[in-house]
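Encoded as structure tokens, the structure appears first; notes follow it.
Naming convention: chains lettered A, B, ... in sequence-line order (proteins, then strands); numbering from 1 in each chain.
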2 protein chains.
Amino acid sequence: MPKKPSRIQQRNRKKILDAGLDVFSAHGYRGATLDMIADAAGLSKPNILYYFNGKEDIHVTLLSQLMETWLDPLRALDPQGDPLEELLAYVRRKVDMAREYPRESRLFANEIVQGAPRMGPHLEADLKPLFDEKCAQIRAWMEAGLLAQVDPQHLIFSIWATTQHYADFEAQIRVLRTQDDFDGAAAYLETMFRSLLSPPAKD
Amino acid sequence: MPKKPSRIQQRNRKKILDAGLDVFSAHGYRGATLDMIADAAGLSKPNILYYFNGKEDIHVTLLSQLMETWLDPLRALDPQGDPLEELLAYVRRKVDMAREYPRESRLFANEIVQGAPRMGPHLEADLKPLFDEKCAQIRAWMEAGLLAQVDPQHLIFSIWATTQHYADFEAQIRVLRTQDDFDGAAAYLETMFRSLLSPPAKD
DNA sequence: CTTGTTTTTTACCATTTGGTAAAGCAACCC
DNA sequence: GGGTTGCTTTACCAAATGGTAAAAAACAAG
């Protein structure tokens, strides 16, 4: 039976996870070392292994936590709301996440680019059902004439791609743009998806 | 003075680079080992170090080569052509590259996600001038009323994001879609960018 | 203040990994 | 066929890295 963690345990586990997020998102799983994480956390390496069973344990803990919050914006897509506004709000939430949580986005990107070796089951179990459900919802909206007809799956892919791009490819964007400009991105993406999705005037 | 490489040198360097592309794109720089590359190339590790100065040498050689072909589709954007059709053709070329060269796309993605530690100068020197030039071109088209007015920089970002997504996040897409479907992606992206960019009817 | 428990440190270890030295083998040149 | 050059293998090495054992320190409860 697991006893409740003490104050100090909570604090140190959090420090380690935050340090792990820094290091894993910046260097990938193999590029990260326990020493880096220990340094970033301000703890010794063996001390870290007192709180976690190993490097992989830290990583999968981070990925699991990530999965939770990562799906929230999509979950919040409301079947009762106005379809176009719901989808644009979804885009906005995703831009906000890329701005607020770029490390999480890159952690995820690192994992997926390399074939999701530690996350495949999570995708299948958590992401896929939600994805299918929301695709069906969008398709229903489209068939009711409330949105322009496009492939819902590709629609969602394009929302993910465009929004996460600003976090995942920040190094490239920093070279090409003079100013960081998430607001410009949000405005551009709203224009793009509005023009794509606005229902055909048909009365 | 560098003497011309022999048949056998050309062949083995090519084998090593191809193996390196496999391994680096699948595991990232730190996740790749010389042993993996040696195995994939069918050569011994010291033999590989006879042809390259080290792991990093293989990696930067790949990145340099990549930069060449990677910019071609954007270079081919023709100032003389029809603006809308030129941009849609650019999207198509990028989709084709994601389909034909997913390893290259992931190699690039790995490098950028981790902050472009070995590629920053290349981006600055090769990508930025071309990017600026083409943005100016697109802006000129827009001001001439030949395209809808949107931020050209974000436009290009969204083209990159949506097309490369199919290669970089293939592991995720494979989970969510039943069939690999680059053609569906191409059709969807054409619809999306056409609706975004079609010039306002104003005669 | 003493005792039992939790946390941290010190000192290691085995494996992996990038890389080297040098010998052996092959190929070409005369 | 002998020698020079180019290619490959064998046998290593030093550093880095994930992880462990056990002592020491800090802490909590009585």
Side-chain angles (χ1 to χ4, degrees), chain A residues 1-63 107 110-111 114 117-118, chain B residues 1-64 107 110-111 114 117-119:
Chain A
M1 61 206 76
K3 30 193 101 160
K4 73 168 92 172
S6 68
R7 246 53 43 75
I8 199 165
Q9 267 187 31
Q10 281 184 269
R11 183 174 53 87
N12 278 350
R13 277 186 67 97
K14 202 178 303 183
K15 280 206 292 188
I16 293 167
L17 287 175
D18 191 66
L21 182 55
D22 261 7
V23 176
F24 282 125
S25 68
H27 301 96
Y29 181 74
R30 286 288 308 272
T33 72
L34 285 177
D35 287 310
M36 285 167 153
I37 297 172
D39 277 0
L43 298 171
S44 69
K45 181 168 63 175
N47 201 7
I48 278 184
L49 292 168
Y50 172 76
Y51 290 102
F52 287 88
N53 289 326
K55 183 183 177 181
E56 186 152 8
D57 186 22
I58 303 175
H59 195 242
V60 301
T61 303
L62 283 169
L63 289 180
L107 179 73
N110 262 303
E111 171 71 7
Q114 298 184 10
R118 274 166 274 277
Chain B
M1 60 203 76
K3 30 194 100 160
K4 73 169 94 168
S6 67
R7 246 55 39 78
I8 200 165
Q9 266 187 35
Q10 280 184 271
R11 183 173 54 86
N12 279 350
R13 277 185 69 98
K14 202 178 299 183
K15 280 206 294 189
I16 292 167
L17 287 175
D18 191 67
L21 182 55
D22 261 7
V23 176
F24 282 126
S25 68
H27 301 95
Y29 180 74
R30 285 290 307 272
T33 71
L34 285 178
D35 286 310
M36 286 167 153
I37 296 172
D39 276 0
L43 298 170
S44 69
K45 181 166 63 174
N47 203 180
I48 278 184
L49 293 168
Y50 174 75
Y51 289 102
F52 287 89
N53 288 326
K55 184 183 178 181
E56 186 153 7
D57 186 21
I58 302 175
H59 195 242
V60 300
T61 302
L62 282 169
L63 289 180
S64 298
L107 179 73
N110 262 304
E111 170 71 7
Q114 298 185 8
R118 273 166 275 278
M119 218 189 187

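Across the protein-nucleic acid pair, A:Asn47 atom CG and C:dT9 atom P stand 6 Å apart, rounded to whole Å. Separating the NZ atom of A:Lys45 from the P atom of D:dA16 is a distance of 11 Å, rounded to the nearest angstrom. If you take CG of B:Asp35 and C1' of C:dG19, they are 11 Å apart, rounded to a whole angstrom. For the pair A:Ile37 CD1 and D:dG18 P, the interatomic distance rounds to 8 Å; values are reported in whole Å. Put simply, CD on A:Gln10 is 16 Å from P on C:dT6, counting in whole angstrom units. A:Asn12 places its CG atom 15 Å from the P atom of C:dT6, with the value rounded to the nearest Å. When the C1' atom of D:dA11 is taken as reference, atom CG of B:Leu49 falls 15 Å away, rounded to whole Å. Going from atom CZ of A:Arg13 over to atom P of C:dT8 covers 14 Å, rounded to whole Å.
The two residues A:Ile37 and A:Ile16 have their closest heavy-atom pair at CG2-O, 4.2 Å.
When the nucleotides C:dT17, C:dT10, D:dG18 are ranked by their closest atom to the side chain of B:Thr33, C:dT17 comes out on top.
No more than 12 heavy atoms of other residues, nucleotides or ligands lie within 6.0 Å of NE2 in A:His27, so this atom counts as exposed by the packing criterion.
Within 4.0 Å of B:Arg30, counting heavy atoms only, lie sugar-phosphate atoms of the nucleic acid but no base atom. As judged by a 4.0 angstrom heavy-atom cut-off over every strand, A:Leu34 is placed among residues touching the sugar-phosphate backbone only. Among the atoms of the strands shown, only primed sugar atoms or phosphate atoms (P, OP1, OP2) are found under 4.0 Å from some heavy atom of B:Tyr51. Counting non-hydrogen atoms under 4.0 angstrom, A:Ala32 reaches the backbone sugars and phosphates but no base.
Checked against B:Arg11 for a side chain to side chain contact (heavy atoms under 4.5 Å, CB included), the options B:Lys14, B:Gln9, B:Lys15 give a single hit: B:Lys15.
A donor N or O paired with an acceptor N or O is not found under 3.5 Å between the base of C:dG19 and the side-chain atoms of B:Lys55.
Contact annotation: B:Gln9 does not reach the phosphate of D:dG6 (side-chain N/O to OP1 or OP2, under 4.0 Å). Checking the phosphate oxygens (OP1, OP2) of C:dT8, no side-chain nitrogen or oxygen of A:Ser44 falls inside 4.0 Å. Listed pair A:Tyr50 / D:dT20 fails the phosphate criterion, with no side-chain N or O lying under 4.0 Å from OP1 or OP2.
Between atom OH of residue A:Tyr29 and atom CD of residue A:Gln114 there is a gap of 11.5 Å, rounded to the nearest 0.5 Å.
In this structure, A:Lys45 fails the cation-pi test against A:Tyr50, since its NZ or CZ atom is not both closer than 6.0 Å to the six-membered ring centre and inside 45 degrees of the ring normal.
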